[in-house]
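Below is one structure, written out as structure tokens; the observations come after it.
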Amino acid sequence: GTRFVRQMLRETRPKNFSELVRISGLSHGTDVWLNNAQELIRSGVADLSQVISTRDDIMVNLIHWGMEPELAFRIMEKVRKGKGLDPEEEAAMRQCGAPDWYIDSCKKIKYMFPKAHAVAYVMMALRIAYFKVHYPAAFYAAYFTVRAEDFDVAYIAGPERLRQTIAELEAKGSKATAKEKNLLTVLEVALEMYLRGLQFFPIDLEKSAAERFLIMEVPGQGKGLLCPFISLPGLGAKAARSIVQARAERPFTSIEDLVRRTKLSR
């Protein structure tokens with residue numbers, strides 16, 4: 001979901017599960033990728049499988065190179081907390097054959113992700129990716145339901161309107177607010193959804209859910225997602241639920257009837 005990680009994927013081109021785990025570790029550490037592993041990969045000094053990506057890598061590598069396990073563990077703990085290496089530890093690493101670039105990399109690291117945590121993230125990502133590829137309507141319905149508060153029904157006008165809005169937000173650069181940055185990600189996924197043959201259907205007083213995007217197929221129009229009431233700007237969750245609750249009792253007969261029986265403002 002972030003351009004930072006997308007750029008990492010473009011540069012490293014991971015080919016298997018273990019390399020995706022390395023990407024997860026690199027992206028969640030501090031000074032692990034930027035000004036560190038990124039430069040090593042770009043310059044050809046090391047590849048994705050060799051750079052330090054998670055804290056476990058350090059201990060496992062040092063033990064593999066012949067270092068005594070307790071010292072390898074101690075070095076890992078210091079590096080992953082951003083405490084660097086003292087001269088004795090550096091000498092021990094050189095003695096077991098650790099390359100100079102590897103030692104320099106350890107000195108730059110400020111924080112490192114545990115490998116088990118990275119594995120859990122990638123397992124979750126692969127499950128989500130499976131549904132995104134094979135069950136797109138279900139994926140986008142779930143995605144936009146989770147991000148409903150960042151969604152705005154004004155952006156259901158189609159791909160050209162989405163491209164225009166994305167370009168406007170990108171042009172703001174660092175001046176964009178946190179809300180605008182969140183919206184940019186949502187709009188990119190919305191554009192992707194259109195390009196995969198799905199669409200958004202506007203709010204329907206009789207059919208829309210309070211907070212969930214519903215999968216819907218309209219004869220002559222195709223398949224897509226029906227927007228929930230909460231996607232309307234200024235309409236909160238309580239008001240959205242009150243519409244659905246009142247609608248279940250009996251149909252609305254007028255705007256006045258709608259206002260009187262729900263928590264909607266004038």
Side-chain angles (χ1 to χ4, degrees), residues 1-130 132-133 173-174 178 181-182 184-185 188:
T2 65
R3 297 189 170 199
F4 172 65
V5 178
R6 281 185 226 165
Q7 185 58 37
M8 290 178 67
L9 294 169
R10 288 192 190 100
E11 289 192 38
T12 57
R13 296 289 174 182
K15 300 174 186 65
N16 50 48
F17 183 88
S18 64
E19 289 187 351
L20 284 174
V21 170
R22 299 183 77 76
I23 292 288
S24 180
L26 288 164
S27 65
H28 286 91
T30 305
D31 290 345
V32 180
W33 173 251
L34 296 176
N35 304 314
N36 201 337
Q38 183 183 40
E39 300 305 320
L40 292 169
I41 291 171
R42 278 180 178 174
S43 60
V45 172
D47 60 31
L48 180 59
S49 66
Q50 295 171 311
V51 296
I52 304 168
S53 62
T54 61
R55 60 181 72 166
D56 310 59
D57 290 343
I58 299 169
M59 184 180 76
V60 171
N61 283 335
L62 292 176
I63 292 173
H64 178 70
W65 291 332
M67 184 178 284
E68 191 269 323
E70 190 175 341
L71 178 57
F73 175 79
R74 197 158 64 242
I75 290 173
M76 174 191 74
E77 285 294 284
K78 280 191 69 179
V79 172
R80 65 107 172 167
K81 293 175 183 176
K83 295 181 179 178
L85 301 166
D86 60 35
E88 292 78 15
E89 290 162 346
E90 195 173 325
M93 289 179 73
R94 291 187 193 283
Q95 190 175 352
C96 71
D100 288 342
W101 65 262
Y102 196 94
I103 294 169
D104 290 339
S105 185
C106 285
K107 291 177 180 177
K108 294 176 183 176
I109 290 165
K110 298 291 186 295
Y111 166 76
M112 293 208 84
F113 218 43
K115 190 171 186 177
H117 204 155
V119 169
Y121 273 28
V122 174
M123 286 173 68
M124 181 170 64
L126 283 177
R127 288 190 185 108
I128 293 169
Y130 175 86
K132 184 172 186 176
V133 171
S174 58
K181 288 175 183 175
N182 286 338
L184 180 59
T185 303
E188 286 175 335

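No experiment lies behind these values; they were computed from the predicted model shown.
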Pairwise distance [atom1]([X]) to [atom2]([Y]) - rounded to 0.5 angstrom:
X	Y	atom1	atom2	value
Leu40	Trp33	CG	CH2	9.5 Å
Lys83	Glu89	NZ	CD	11.0 Å
Glu90	Asp100	CD	CG	8.5 Å
Ile63	Glu70	CD1	CD	11.0 Å
Asn16	Leu48	CG	CG	8.5 Å

Donor-acceptor pair, side chain of [X] and main chain of [Y], under 3.5 angstrom:
X	Y	value
Arg80	Met112	no
His64	Val60	no
Glu77	Arg74	no

What's the shortest heavy-atom distance between [X] and [Y], and which atoms?
X	Y	answer
Ile23	Met8	O-CE, 3.8 Å
Leu26	Val32	CD2-CG1, 3.6 Å
Ser105	Ile52	OG-CD1, 3.8 Å
Leu62	Ala72	CB-CB, 3.8 Å
Cys106	Val79	O-CG1, 3.6 Å
Trp101	Gln50	CH2-O, 3.5 Å

Aromatic rings Tyr121 and His117: how do their planes relate, parallel, tilted or perpendicular, breaks at 30° and 60°?
->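 Judged by the thresholds at 30° and 60°, the geometry between Tyr121 and His117 is perpendicular.
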Is any side-chain heavy atom of Tyr102 less than 4.5 Å from a side-chain heavy atom of Met93?
-> yes
Taking the side chain as every heavy atom from C-beta outward, state whether Tyr130 and Arg127 have any atom pair closer than 4.5 Å.
-> no
Using the salt bridge (charged side-chain N to carboxylate O under 4.0 Å, His left out) rule, collect all pairs that involve residues 20-38, keeping only residues at least two apart or in two chains.
-> Arg22-Asp57, Asp31-Lys110
Lys/Arg-Asp/Glu bridge criterion (N-O < 4.0 Å) met for Glu19, Arg13 |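 Salt bridge between Glu19 and Arg13, a charged N being under 4.0 Å from a carboxylate O: no.
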Is a salt bridge present between Glu188 and Arg3, judged by a nitrogen-to-oxygen distance below 4.0 Å?
->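 Yes, this pair counts.
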Got a sec: does the CD of Glu11 have more than 12 other heavy atoms crowding it under 6.0 Å?
-> yes
Over 12 non-hydrogen atoms of neighbours within 6.0 angstrom of NZ in Lys115 =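 Not buried by this count: 12 neighbours or fewer within 6.0 Å.
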